[in-house]
Amino acid sequence: MLSAEENDRLCRVGPGSPVGEALRRYWVPAFQLGDLPEPDAPPIHVRVLGQDFVAVRDTSGRYGLLDELCCHRNASLVYGRAEDGGLRCLYHGWKYDLDGRILEMPNCADDRLRARFRQGDGWTNDPTETRRYRLPAQDRRAMAVRASYAGFRGGNRPQDAAVQGVNGRTSRFSRANENLVPADAAVIRFRRLLLEAARAVEHGGEPPARGEGFDFSGVRAAAEVVDDRAPWQDLVPGNAGRTATATAP
Ligand code: FES
């Protein structure tokens, strides 16, 4: 069981927190490619490690992640327009490329300012503790007529988010009240690893297994009960011993 102090460390993932700093050394999934199905698709809100971003796909099809709030006067870029190679804020029309460079400032003719400002990305902004989550309402009627098991549209993600209590509230809770069972072994191990990674970073080191030199593109998951003497690696033979073909960041 985690102590209250360990639980607190584990749950804080914002910039400057020990676990947050460790997690920011890894690749972190932010959204699915299908969320931005075509070039210049409507941008989407993405929350990663307590920070709010806007994900955008530009005219050439490249993907980008920028701070959600416009660096001009903090309008939300989620409501912006992806057009002509950038993302335009609806408030005063500033337009950014995917690296945050300002392409256009319709309300400012001074090009020196255009070069000086930049829309932040990847982990520069401060987390806002009370951002809203817009989860679909639970459809009890659909559940009652067995048209939906959990009453949420959109698959597992909204329903998982709802049951974990993030609908307008923090998902942080005391794990001292948990009753873990053997099936939770992976969760327990993962938490230990995360705390160890945070400790390593705090002491000036690097977290373990960042993946340099490994090609993750062939990694697959498998779920099956196997005999306790059977090599579990056989379930996913393609995962073992792959030769590096690309360098991870
Ligand atoms: S707030 Fe975005 S352009 Fe002014």
Side-chain angles (χ1 to χ4, degrees), residues 11-17 19-21 23-137 153-154 157-158 161-162 165-172 249:
C11 294
R12 294 190 182 280
V13 295
S17 65
V19 169
E21 291 303 309
L23 287 175
R24 282 165 173 74
R25 309 290 178 96
Y26 297 94
W27 285 104
V28 178
F31 59 93
Q32 295 184 326
L33 299 187
D35 295 335
L36 296 167
E38 69 270 324
D40 288 339
I44 58 169
H45 170 244
V46 172
R47 189 170 171 88
V48 183
L49 299 180
Q51 293 184 248
D52 291 288
F53 300 92
V54 58
V56 62
R57 192 171 178 191
D58 73 7
T59 311
S60 69
R62 288 196 312 144
Y63 297 89
L65 204 61
L66 299 171
D67 281 349
E68 180 195 358
L69 303 184
C70 177
C71 76
H72 175 217
R73 280 173 47 189
N74 282 192
S76 172
L77 292 173
V78 171
Y79 300 101
R81 295 172 54 93
E83 58 184 19
D84 298 330
L87 176 63
R88 188 183 299 282
C89 176
L90 282 191
Y91 202 2
H92 308 99
W94 289 22
K95 183 176 166 185
Y96 306 95
D97 70 11
L98 298 190
D99 295 314
R101 283 186 289 263
I102 299 175
L103 301 174
E104 297 176 23
M105 298 167 78
N107 63 349
C108 177
D110 189 338
D111 272 353
R112 289 171 304 175
L113 293 181
R114 186 164 65 84
R116 185 187 303 172
F117 302 141
R118 191 163 180 145
Q119 183 67 10
D121 52 14
W123 313 114
T124 56
N125 66 352
D126 290 327
T128 308
E129 293 292 342
T130 55
R131 299 298 299 185
R132 76 285 185 218
Y133 288 89
R134 288 186 184 150
L135 294 173
R153 288 185 182 174
R157 285 184 294 165
V166 298
N167 193 359
R169 291 172 284 136
T170 174
S171 60
R172 190 163 153 263

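Indexing begins at 1, ligand by ligand and atom by atom, following the structure's order.
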* Structure fact -> Nearer than 2.8 Å to atom 2 (Fe) of ligand 1, the protein contributes N, O or S atoms numbering 2

* To do: Please indicate whether Y91 has more than 12 foreign heavy atoms, meaning atoms of other residues, nucleotides or ligands, lying under 6.0 Å from its OH.
  => no

* For R112, all residues meeting side chain to side chain donor-acceptor pair (under 3.5 Å), sequence neighbours excluded -> D110

* Asked: For the side chain of R24 and the backbone of V13, is there at least one donor-acceptor N/O pair under 3.5 Å apart?
  -> yes

* Asked: For the residue pair L90 and G80, what are the closest heavy atoms and their distance?
  -> CG-CA, 4.0 Å

* For the side chain of R88 and the backbone of K95, is there at least one donor-acceptor N/O pair under 3.5 Å apart? -> no

* **Backbone N/O of S17 and side chain of R12: donor-acceptor pair under 3.5 Å** => no

